[in-house]
Amino acid sequence: MYLINDLIDQEKDRLHFSKKNRPIAAGRLRTGNVLLVAIVLITISLMAAYQISYYLLAIIASYIIVQLFYSLWLKNIMILDILVIAFTFMLRIFAGSIVVLTPLSAWLILTTMMLALFLGVGKRRSELTLLSGQTAVKHRRSLIFYPAVLLDALAIMMATSTLLTYSLFTFNAPETVQREFFTSFFPQTLASPKLLMATIPIVVYGIFRYLYLVFEKSEGESPERILLSDKPLFISVASWLVLVISTLYFFSL
C-alpha cells in the first residue's frame with residue numbers, strides 16, 4: 001500500500017524538498033514494475049492471512065481498503081486524513097493481537113490511537129512550516145484548510161492524551177513480579193508492584209523532546225528520520241525498549 005500511495009503521489013512528491021528523491025518520484029522505478037510488486041505483496045499477504053485466521057484476513061482486507069481510499073481521496077480531507085492514519089495503526093495492533101493470541105488492553109489501544117494522532121498532527125504541522133504556501137497546497141491539498149494555531153492546539157492535546165493513556169495502561173498492566181519477592185526489598189506501600197510505571201518518565205521526556213523538534217525545528221515531517229537523526233530522542237526510545245523488555249521478560253513470574 002505504501003508503494004501504491006507513492007505511485008499515486010509521485011507528481012506531488014516531486015514538489016517536496018525530500019520526497020522528490022524517492023525512487024518512484026525520481027523516476028528510477030518503472031510504474032508497471034512497482035504496481036506488479038504491490039499486487040504480488042497484497043496477494044501474498046491475503047493468502048497468508050487466510051491460512052492463519054479468518055479474523056486476520058478480515059483485518060488485512062480492511063487495512064488494504066482503508067489505505068486505498070486514503071491514497072485516492074481521504075488524504076485530501078481535513079482532520080479525516082489524520083484520523084484515518086490513527087485507524088490504520090489500530091488495525092495493526094488488532095492484527096498482531098490475533099496472531100499471538102493475546103487479549104488487548106483497552107488502554108493500549110487508546111495509547112496507540114493517541115500516539116498515532118500525535119505523530120500525524122506533528123507531521124502536518126511540520127509540512128505547513130517547511131513548505132511555502134502554494135507548494136504546500138500542491139503537495140497536500142488538506143494543508144490549505146489547516147491553520148497553524150489549530151495544529152499547535154491539536155499537537156498539545158494529543159501529546160497530553162498520549163501521556164495520560166500510556167500512564168493508565170502501565171497502571172492497569174498485570175503485576176510482573178511475585179509480590180512476596182518484591183516486598184522483601186521495598187516498603188509495604190509498594191506491595192502491588194507496577195514496574196511498567198517506571199517507563200513513564202522516559203515517555204514524558206520523549207513526548208516533550210518530539211514537541212520541541214516539531215515546534216522549534218519543524219522536524220515532525222518524517223518521524224522515522226527524526227528517530228534516527230536526533231540522538232536524545234533515539235536514546236529515550238532505546239532506553240524505553242530496554243526497560244520494557246527487562247520488566248516483561250526478566251522480572252516476570
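Other residues, nucleotides and ligands place more than 12 heavy atoms under 6.0 Å from the CZ atom of R28.
Screening residues 56-69 for side chain to side chain donor-acceptor pair (under 3.5 Å) gives Y63-Q67, Y63-R92 as the qualifying pairs, with residues at least two apart or on separate chains.
The two residues L233 and D230 have their closest heavy-atom pair at N-OD2, 3.0 Å. When all heavy atoms are compared, the tightest approach of A86 to A116 is CA-CB, 3.6 Å. The shortest heavy-atom contact between L243 and T247 is O-OG1, 2.8 Å.
Going from atom CZ of R22 over to atom OH of Y2 covers 10.0 Å, rounded to the nearest 0.5 Å. Taking CG of L163 as the reference point, atom CG of L168 lies at 11.0 Å (rounded to 0.5 Å). Between the CZ atom in F118 and the CG atom in L211 there is a gap of 4.0 Å [rounded to 0.5 Å]. One finds the CD1 atom of I60 at 11.5 Å from the CD1 atom of I65 (value rounded to the nearest 0.5 Å). The CD atom of Q51 sits 11.5 Å away from the CG atom of L56 when rounded to the nearest 0.5 Å. From M90, atom CE reaches atom CD1 of I85 across 14.5 Å, with rounding to the nearest 0.5 Å.
Under the 4.5 Å side-chain heavy-atom criterion for ILVMFWY residues, a single connected hydrophobic cluster contains both I52 and L57. With hydrophobic clusters built from ILVMFWY side chains whose heavy atoms lie under 4.5 angstrom apart, M114 does not share a cluster with L164. When the side chains of ILVMFWY residues are joined at heavy-atom separations under 4.5 Å, either directly or via intervening members, I42 and L68 end up in a single hydrophobic cluster. There is no path of hydrophobic side-chain contacts, each under 4.5 Å, that joins L7 to L74. By the criterion of side-chain heavy atoms lying less than 4.5 angstrom apart, applied directly or through intervening Ile, Leu, Val, Met, Phe, Trp or Tyr residues, I24 is not grouped with V40; the two fall into different hydrophobic clusters.
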Tell me which donor-acceptor pairs under 3.5 Å the side chains of residues 199-208 have, and how far apart each pair is, sequence neighbours excluded?
unit_1	atom_1	unit_2	atom_2	d
T199	OG1	Y166	OH	2.5
T199	OG1	L196	O	2.6

Acceptor/donor pairs from residues 150-161 side chains to any protein atom, 3.5 angstrom cut, sequence neighbours excluded:
unit_1	atom_1	unit_2	atom_2	d
D152	OD1	R125	NE	2.5
T160	OG1	I156	O	2.9
S161	OG	M157	O	3.0

Which side-chain N or O atoms in residues 94-109 pair as donor and acceptor under 3.5 Å with protein atoms at least two apart or in another chain?
unit_1	atom_1	unit_2	atom_2	d
S97	OG	T102	O	2.4
T102	OG1	V100	O	3.3
S105	OG	W107	N	3.2
S105	OG	L108	N	3.4

Donor-acceptor pairs are to be reported for all side-chain atoms of residues 43-50 against protein atoms at under 3.5 Å, with residues two or more places apart or in another chain.
unit_1	atom_1	unit_2	atom_2	d
T43	OG1	I39	O	2.8
S45	OG	L41	O	2.8

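Under a 3.5 Å cut-off, the side chain of N5 and the backbone N or O of M1 do not form any donor-acceptor pair. A donor-acceptor distance shorter than 3.5 angstrom exists from the side chain of R14 to the backbone of A25, with no hydrogens or angles considered.
Test L119, L115, L110 against T162 for side chain to side chain contact (heavy atoms under 4.5 Å, CB included) and you get one pass: L115.
The hydrophobic cluster of I235 has no other members, since no ILVMFWY side-chain heavy atom comes under 4.5 Å of it.
Between I226 and V214, every side-chain heavy-atom pair lies at or beyond the 4.5 Å cut-off. Between F89 and M113 the shortest side-chain heavy-atom distance does not fall below 4.5 Å. When side chains are defined from C-beta on, L213 does not count as touching E216, because their heavy atoms never get closer than 4.5 Å.
A salt bridge is defined here as a Lys NZ or Arg NE, NH1 or NH2 lying under 4.0 Å from an Asp or Glu carboxylate O, and R124 with D81 meets this definition.
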